[in-house]
Amino acid sequence: MTQYQELFRAFKMGSLELRNRLVMAPMTRHYSPNNIPDDQVAAYYGRRARGGIGMIITEGTCVGHRAANASENVPFMYGSNALAGWKAVVDEVHHGGAAIAAQLWHVGAVRSKGVAPYPQAPGIAPSGIEMPEGNDIHEMTTRDIEDVIEAFRRAAVDAKEIGFDAIEIHGAHGYLIDQFFWSQSNRREDRYGGSLLNRARFAAEIVSEIRRSVGIDFPIIFRWSQWKEQDLTTKLVESPTDLAVFLQPLVDAGVDMFHCSTHRYWEPEFDGSSLNLAGWTKKLTGKPTITVGSIGLGDKLHEDESELQRDVDRNLKNLVHRLKCDEFDLAAVGRPVIANPSWANIVKEGRYTDLLPYRKSLLNSLY
Ligand SMILES: Cc1cc2nc3c(=O)[nH]c(=O)nc-3n(C[C@H](O)[C@H](O)[C@H](O)COP(=O)(O)O)c2cc1C
């Protein structure tokens, strides 16, 4: 039996039952032609389900709004063909013994000019921004806000309908929802701008509309981060007090679980405590949390297998210790699961010499 038993304890939260604590982190691929996940996508996720992971969170899937995608070949969570494609993915993953959550995404201002299938649609954001490439960003009206909330609601309802076990709202990394959170990108003067509480309102309304439609039993996970693609070192909140103010409306709206995105899970979030972002979020809300960031990796990517094997043991001991202390509930693993579809089983069986290091070039032929 593995020395990391704690990682392989079952987890239950309402209707969500997982065989272990390991989650595949959401990772965008550009392998869905015409925005429809095909058999290869089902095979990709199925392989990872059979590889022992407890739950898969899909790559970001775009909600039904014309400006939701930044690039081509990313999958949609709307339209009968895309939904049929996702249904096949869900069945394949369930067959492999894992649960699956759909990550719902709108990129907001991060949209490139002329992207299919709506090349004329401008990017949207809480505040208008002039982009250097001439792709001006449209400041959202109240009507736009309502439309996007409805798009998220609809996508969640459809995801539930085709058998997903949960949805995850992508509120992280500087995309649309996070653009509302961040004072630098949200200069609105209405009830969606200004105080931290007002900046959280758009997200809270998305959550409560989804909750109203999916019922109390269907799990809503909310992913958020301090860092943004636009600024990796920025912090949305500087203290536990502000963190509590930020999270409370999301809890009140009906979030069941928070997924706290960090680069290195072992880094303390605030001075004076070793708790990481997931630790603080759990402590302040009482909700289960998912931690993420370089699990099974080191400070930098490994050059070869022997470096990886040296670090993985130390890294996972730290993770297990924190899980035992109840700092967080689940652990999401990203790049190692790209490199090793059976990462969870390999760790369970202690076969560290079978682990392959992650390399960026793997994204070019992601199977
Ligand atoms: C290729 C790639 C694509 C990603 N796409 C997404 C995404 O679609 N949605 C999201 O929330 N995070 C995305 N992320 C971030 C991951 O979910 C995860 O937080 C990050 O890789 C850190 O985990 P790791 O150190 O285990 O890889 C992506 C990361 C990578 C490497």
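Both backbone and side-chain heavy atoms feed into the values below; hydrogens, waters and symmetry mates do not. This one's a predicted model, so the numbers in the text were calculated from it and none came from an experiment.
With a 4.5 Å cut-off on side-chain heavy atoms, Val347 and Tyr4 count as touching. Two residues are said to be in side-chain contact when any heavy atoms from C-beta on lie closer than 4.5 Å; Trp105 and Thr28 meet this criterion. Between Asn345 and Ile53 there is no side-chain heavy-atom pair separated by less than 4.5 Å. When side chains are defined from C-beta on, Asp144 counts as touching His138, because their heavy atoms get closer than 4.5 Å. Between Arg50 and Glu92 the shortest side-chain heavy-atom distance falls below 4.5 Å. Contact annotation: the side chain of Trp266 approaches that of Ser294 to within less than 4.5 Å [non-hydrogen atoms, C-beta and beyond]. Using a 4.5 Å cut-off on side-chain heavy atoms (C-beta onward), Glu150 and Glu209 make no contact. Residues Pro219 and Met13 have side chains in contact (heavy-atom distance under 4.5 Å, counting atoms from C-beta outward).
With respect to Ile221, the side-chain contact (heavy atoms from CB on, under 4.5 Å) criterion is satisfied by exactly one of Ile167, Leu330, Ile290: Ile290. The ring pair (Phe, Tyr, Trp, His ring centres under 6.0 Å) test with Trp224 is passed by exactly one of Trp182, Tyr175, Phe246: Phe246. Among the candidates Lys282, Lys283, His321, Arg322, the single residue satisfying the side-chain contact (heavy atoms from CB on, under 4.5 Å) test with Glu327 is Arg322. When each of Val255, Ile210, Val63 is checked for a side-chain contact (heavy atoms from CB on, under 4.5 Å) with Ile169, only Ile210 meets the rule.
Judged purely by atom type and a 3.5 angstrom limit, Asn35 has no side-chain atom pairing as donor or acceptor with the backbone of Glu72. Remark: side-chain polar atoms of Arg187 are paired, donor with acceptor, to backbone N or O of Ser183 under 3.5 angstrom. Under a 3.5 Å cut-off, the side chain of Asn69 and the backbone N or O of Ser71 do form a donor-acceptor pair. At distances below 3.5 Å, not a single donor-acceptor pair connects side-chain atoms of Arg188 with backbone N or O atoms of Gly193. Looking only at distances, no side-chain donor or acceptor of Asn315 sits under 3.5 Å from a matching main-chain atom of Asp311. Using modelled atom types, one side-chain atom of Lys235 and one backbone atom of Glu269 make a donor-acceptor pair closer than 3.5 Å. Here the side chain of Asn340 pairs no donor or acceptor atom with the backbone of Ser342 at under 3.5 angstrom. For Ser225 (side chain) and Ser261 (main-chain N/O), no donor-acceptor pair under 3.5 Å exists by modelled atom type. Distance alone, capped at 3.5 Å, is enough to place a donor-acceptor pair between the Arg21 side chain and the Asp329 backbone. Gln226 places a side-chain N or O within donor-acceptor distance of the main-chain N or O of Leu236, the cut-off being under 3.5 Å.
Remark: Glu205 engages Arg191 in a salt bridge, criterion side-chain N to carboxylate O under 4.0 Å. Ionic pairing of Lys228 and Asp231 is not present here: no N-O contact between side-chain nitrogen and carboxylate oxygen is shorter than 4.0 angstrom. Remark: Glu6 does not engage Lys324 in a salt bridge, criterion side-chain N to carboxylate O under 4.0 Å.
Distance CE/Met140 to CD/Gln179: 9.5 Å, rounded to 0.5 Å. Taken from CZ in Arg314 to CG in Leu319, the straight-line distance is 14.0 Å, to the nearest 0.5 Å. Atoms CD and CG, from Glu189 and Asn198 in turn, are 12.0 Å apart once rounded to the nearest 0.5 Å. Taking CD1 from Ile206 and CZ from Arg201, the interatomic distance works out to 13.5 Å, rounded to the nearest 0.5 Å. With rounding to the nearest 0.5 angstrom, the CZ atom of Arg29 is 11.0 Å from the OG1 atom of Thr58. Rounded to the nearest 0.5 Å, atoms CH2 (Trp86) and CD1 (Ile162) are 8.5 Å apart.
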Test side-chain contact (heavy atoms from CB on, under 4.5 Å) on Met77 and Phe164 and set out the steps.
CA-CA 12 Å; Met77 191 54 74; Phe164 277 100; 3.7 Å; yes
Steps toward side-chain contact (heavy atoms from CB on, under 4.5 Å) verdict (Gln230, Val110):
CA-CA 10 Å; Gln230 299 87 334; Val110 189; 4.0 Å; yes
Worked check of side-chain contact (heavy atoms from CB on, under 4.5 Å) between Phe270 and Trp280
CA-CA 9 Å; Phe270 302 116; Trp280 274 108; 3.5 Å; yes
Are Asn276 and Thr291 close enough, and set up right, to give a side-chain hydrogen bond (donor to acceptor under 3.5 Å, both in side chains), and what steps lead you there?
CA-CA 8 Å; Asn276 72 11; Thr291 196; 3.0 Å; yes
Trp343 vs Leu356, test: side-chain contact (heavy atoms from CB on, under 4.5 Å). Steps then yes/no.
CA-CA 9 Å; Trp343 190 86; Leu356 299 175; over 6 Å; no
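Sequence neighbours left out, the pairs with a member in residues 239-266 that pass salt bridge (Lys or Arg N to Asp or Glu O under 4.0 Å) are Arg211-Asp256, Arg264-Glu267, Arg264-Asp299. Each side-chain hydrogen bond (donor to acceptor under 3.5 Å, both in side chains) pair with one or both residues in residues 155-171, not counting sequence neighbours, appears once here: His94-Asp165, Gln103-Glu168, Arg154-Asp158, Glu168-His259.
Residues Val157 and Phe76 fall into different hydrophobic clusters, defined by Ile, Leu, Val, Met, Phe, Trp and Tyr side chains chained together at heavy-atom separations under 4.5 Å. By the criterion of side-chain heavy atoms lying less than 4.5 angstrom apart, applied directly or through intervening Ile, Leu, Val, Met, Phe, Trp or Tyr residues, Leu16 is not grouped with Val251; the two fall into different hydrophobic clusters. Cluster membership for Met257 and Phe152, using ILVMFWY side-chain heavy atoms within less than 4.5 angstrom, is not shared. Following chains of ILVMFWY side-chain contacts shorter than 4.5 Å, one cannot reach Leu323 starting from Leu18, and the two form parts of different hydrophobic clusters. Hydrophobic cluster membership differs between Leu104 and Ile36, with clusters built from Ile, Leu, Val, Met, Phe, Trp and Tyr side chains linked at under 4.5 angstrom.
By the ring pair (Phe, Tyr, Trp, His ring centres under 6.0 Å) test, Phe202 is found to be paired with Phe180, residues two or more places apart in sequence or in another chain being considered. Contacts of His263 classified as ring pair (Phe, Tyr, Trp, His ring centres under 6.0 Å), with partners at least two apart in sequence or in another chain: Trp227. By the side-chain contact (heavy atoms from CB on, under 4.5 Å) test, Leu363 pairs with Ile338, Tyr358, Lys360, Leu366, sequence neighbours left out.
If you chain together ILVMFWY residues whose side-chain heavy atoms come under 4.5 Å of each other, Val292 ends up in a group of its own.
Of all heavy-atom pairs spanning Cys260 and Thr281, the tightest one is SG-OG1, 3.5 Å. Between Arg111 and Val115, the shortest heavy-atom distance links the atoms NH2-O, 3.4 Å.
Dense packing is recorded around CG of Asn318, with more than 12 heavy atoms of other residues, nucleotides or ligands lying under 6.0 Å away. When the shell of 6.0 Å around CD of Gln40 is examined, it contains 12 or fewer heavy atoms from other residues, nucleotides or ligands.
No cation-pi contact links Arg9 to Phe11, judged by a cut-off of 6.0 Å to the six-membered ring centre and 45° from its axis.
There is no side-chain donor-acceptor pair under 3.5 Å between Asn364 and Ser361.
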